[in-house]
Each structure stands twice: as C-alpha cells, then as structure tokens.
Amino acid sequence: MHISEAYEHEPILPYQAEDSCQPSGCNKIGTQCVDVAAPLTLTPIATVGTATITCQGSPSAACVTNDEGTSCTVTMTQRLCVAVPIRYSVTVSPDDPAIACADSAETSGSCSCCM
C-alpha cells in the first residue's frame with residue numbers, strides 16, 4: 001500500500017516542525033471558531049378568496065306547534081357546500097446577523113472545524 005492510498009480520503013496537510021523555524025521567526029496560522037447567527041422573521045400570509053356556495057339536495061322542513069295551539073315554528077334546513085379558496089404563503093425577512101466568539105471551553109484553544 002502506498003502512503004497516498006492510506007490517506008486518499010483525508011488530505012495530508014503540510015507540517016512545519018518547531019525545529020525548522022528560522023532564527024528570524026516562523027509563520028503560523030491562528031484560528032478562532034465563531035458562532036454566526038442569521039435570524040429570519042417568517043410572517044404567515046393567508047389570502048381568502050371569494051367563497052362559492054352550492055345547495056346540496058332539497059331542503060327539509062320541521063314544524064312544531066306550541067302547547068296552546070296558537071302558533072307553529074317552522075325550521076327550514078338546507079345542506080350547503082361552501083368552497084373557500086385560500087392561498088397560504090410566507091414572507092421571509094432577514095434580520096441583522098450576529099457573531100460571537102465560540103466558548104473557549106468548547107474549542108480548547110483549537111478550532112477543529114477550521115483548516
């Protein structure tokens with residue numbers, strides 16, 4: 001097995017040993033993890049259209065005479081089909097983004113997600 005085959009899924013990063021630093025100094029890369037939040041405000045919209053009403057079948061009638069026999073109450077009942085078109089949607093409004101340093105206890109001085 002060649003060394004490149006063993007690491008074919010992970011790139012081999014160049015490593016600069018401490019003893020290779022020149023007397024004038026050496027270059028290093030510092031990293032800091034940050035938490036970035038991009039809040040969004042979602043506002044619901046429901047637009048109601050014009051209702052359509054259709055009668056279903058024939059009406060029914062119920063008649064009740066009062067105890068004295070001086071009047072009747074007639075109740076008419078009709079089944080209706082009511083169709084109401086509604087369009088649902090959402091508007092998205094971006095709010096101001098925010099950034100904060102990641103908790104140092106979480107990163108332990110390094111940022112594994114960076115680099």
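Here the structure is a predicted model, which is why all the values come from computation and not from measurement.
D35 and A102 get closest at one heavy-atom pair: OD2-CA, 3.9 Å. Between L40 and D95, the shortest heavy-atom contact is C-OD2, 4.2 Å.
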Please step through side-chain contact (heavy atoms from CB on, under 4.5 Å) for the pair Q32 and C101, ending with a clear verdict.
CA-CA 8 Å; Q32 171 64 49; C101 294; 4.2 Å; yes

Go through the steps to decide whether T50 and T52 satisfy the test side-chain contact (heavy atoms from CB on, under 4.5 Å), and finish with yes or no.
CA-CA 7 Å; T50 303; T52 303; 5.9 Å; no

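Panel note: side chain Q78, backbone Q56; a donor-acceptor pair is recorded below 3.5 Å. The backbone N or O of S71 lies less than 3.5 Å from a partner atom in the side chain of N66, making a donor-acceptor pair.
Within a 6.0 Å radius of CG in D96, other residues, nucleotides and ligands contribute 12 heavy atoms or fewer.
Note that the CE atom of M76 and the SG atom of C63 stand 10.5 Å from one another [nearest 0.5 Å]. In this structure, CG in L80 is found 6.5 Å from CD1 in I53, a value given to the nearest 0.5 Å.
Y88 and V92 end up in different hydrophobic clusters when Ile, Leu, Val, Met, Phe, Trp and Tyr side chains are linked at under 4.5 Å.
Checked against side chain to side chain contact (heavy atoms under 4.5 Å, CB included), V36 has the following partners two or more places apart in sequence or in another chain: V34, I99.
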